[in-house]
Number of protein chains: 2
Amino acid sequence: MSWNAAETEGKILDLAESLIRKNGYNGVSFRDLASGVGVKSSSVHYYFPTKEDLGAKVARRYTDRFLNALGDPQDGPVTASEIVKKLHGLFVSALGSDGQMCLCGILAAESAGLPESVVTEAKSFFDRVSEWMTLSLSRTEWARNRSEEEIKAEALSALALLEGGMIIARVQNDPALLTTLRPQLAR
Amino acid sequence: MSWNAAETEGKILDLAESLIRKNGYNGVSFRDLASGVGVKSSSVHYYFPTKEDLGAKVARRYTDRFLNALGDPQDGPVTASEIVKKLHGLFVSALGSDGQMCLCGILAAESAGLPESVVTEAKSFFDRVSEWMTLSLSRTEWARNRSEEEIKAEALSALALLEGGMIIARVQNDPALLTTLRPQLAR
DNA sequence: GTCTATAATTTGATAGAC
DNA sequence: GTCTATCAAATTATAGAC
């Protein structure tokens with residue numbers, strides 16, 4: 001039946017996202033995915049002809065969901081503090097209890113050796129989240145006496161702080177560390 | 001002759017560091033190292049019996065050099081701004097013109113799937129640099145009316161901002177981006 | 001859509017000659 | 001110390017039956 005197809009494809013995407021966030025792109029194999037989902041590796045190739053194809057689709061889906069969770073900047077928080085809180089909250093819940101990295105963060109770290117389309121999708125995550133932050137901040141009182149460059153720099157530094165915080169929290173095995181960084185974001 | 005041994009071992013460590021920073025731990029093979037250095041892979045195993053052994057030694061050497069470049073906190077800059085500038089400068093020169101990641105940053109990102117001793121060494125980098133920052137900042141005027149926790153949080157957030165900045169600079173293919181973040185460090 | 005079977009390559013690692 | 005030779009396992013990917 002047709003819903004089986006979509007279910008297998010979805011399961012593969014879910015597991016691929018989880019495993020890449022845990023081990024990185026080079027730390028995931030088709031057989032890991034196949035055995036985890038309960039099919040053979042040739043079935044994974046049926047949905048995703050190449051690993052590059054799979055990686056790019058996982059990254060695209062991740063970014064789409066992330067921006068969906070952020071919501072429309074025109075209809076979001078109106079203070080800089082609340083905007084930053086929203087972004088921070090998404091990263092904290094992404095790190096979760098099992099210390100999973102941001103998918104595009106780990107892809108970006110590995111990017112020098114990754115297939116082109118995967119890098120393009122990882123880059124797109126930062127472009128889009130950065131744009132969301134810039135648009136959101138632009139609507140606030142905080143932005144009144146600040147230039148476009150200052151606002152963009154603030155958006156970028158918030159993202160950098162959160163990505164770096166995830167990395168450190170993970171290696172220290174201390175998810176609470178990311179929470180600690182919150183006061184550094186609100187200025 | 002004996003100096004040949006040291007030379008080969010050093011070349012392997014140099015190349016391993018460079019390749020891990022580019023592709024991550026899982027993106028480097030013994031044959032990559034061997035061909036790059038001009039020996040056979042069995043010779044690489046002669047110096048480093050296992051990949052874990054090699055990874056741990058590369059990380060340890062990287063951290064030792066990094067702290068050596070930072071210098072003795074008792075004998076360093078005395079203003080918070082200069083301390084932050086020194087750390088920032090090291091990261092900027094590490095990123096360099098070819099966009100290489102911080103070795104322990106990429107190892108930390110991959111850490112969930114890495115051998116134990118490699119993770120231990122990556123963790124040690126953040127412990128030691130964080131301690132350097134905390135000790136250095138504690139000696140400044142800036143620290144006078146601040147608690148131990150506040151100082152540690154500042155050290156940690158500076159590190160997080162720089163690691164995250166490297167990641168984003170790399171995927172955006174824009175090393176200057178890390179320079180942009182500098183004003184966010186000085187408070 | 002999923003399977004079996006398999007190809008072609010790469011990987012980490014070892015044994016033993018020189 | 002470096003080599004040749006080799007191994008067992010894992011990797012991405014394809015062909016073709018059901």
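Labels below follow one simple rule: chain letters A, B, ... track the order of the sequence lines, proteins then strands, and each chain is numbered from 1.
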- Do A:Ser42 side-chain and C:dT4 base share a donor-acceptor contact under 3.5 Å? yes

- About how many Å separate CG of A:Asp53 and OG of A:Ser117, when rounded to the nearest 0.5 Å? 7.5 Å

- How many Å lie between CZ on B:Phe48 and C1' on C:dT14, as a whole number? 18 Å

- Task: Look at the side-chain N and O atoms of A:Thr8 and state whether any lies under 4.0 Å from the OP1 or OP2 oxygen of C:dT2.
- Result: yes

- Task: Would you please confirm or rule out a distance under 4.0 Å between OP1 or OP2 of C:dC3 and any side-chain N or O of A:Lys40?
- Result: no

- Task: Rounded to the nearest angstrom, tell me the gap between atom NE2 in A:His45 and atom P in C:dG1.
- Result: 18 Å

- Item | Selection from D:dC3, D:dT14, D:dT11 that lies nearest to any side-chain heavy atom of B:Val39 | D:dC3

- Item | Candidates C:dT2, D:dG1, C:dA13 - which lies nearest the side chain of B:Tyr47 | D:dG1

- Nearest-Å distance, CG (A:Leu54) to C1' (D:dA13)? 14 Å

- Message: Expressed as a whole number of angstroms, how long is the span from B:Leu33:CG to C:dT11:P?
- Response: 10 Å

- Message: Just to be sure I understand the rule, does A:Val37 reach a base, reach only the sugar-phosphate, or reach nothing, if contact means heavy atoms closer than 4.0 Å?
- Response: nothing

- Could you state the CG-P distance from B:Asn26 to D:dA10, rounded to the nearest angstrom? 15 Å

- Note on the structure: Here the pair of heavy atoms bringing B:Phe126 nearest to A:Gln172 is CB-NE2, 3.8 Å

- Message: Heavy-atom nearest nucleotide on DNA chain C for A:Arg31 versus A:Gly38: which residue maps closer to 5'?
- Response: A:Gly38

- Any side-chain N or O of A:Ser43 under 4.0 Å from OP1/OP2 of C:dC3? yes

- Give A:Phe30 one of three labels, base, sugar-phosphate or nothing, depending on what nucleic acid heavy atoms sit under 4.0 Å from its own. sugar-phosphate

- Task: Return the value, rounded to whole Å, for the distance between atom CG of A:Asp53 and atom P of D:dT12.
- Result: 14 Å

- Item | B:Thr134 and B:Glu131: side chain donor to acceptor below 3.5 Å | no

- Query: Less than 4.0 Å between a side-chain N and a carboxylate O, is that true for A:Lys152 and A:Glu149?
  - Reply: no

- Message: With a cut-off of less than 4.0 Å, is there a side-chain N or O of B:Tyr46 near OP1 or OP2 of D:dG1?
- Response: yes

- Query: Rounding to a whole Å, what distance do you find between B:Lys51:NZ and C:dT14:P?
  - Reply: 15 Å

- Query: Salt bridge or not for A:Asp174 and B:Lys123, using N-O below 4.0 Å?
  - Reply: no

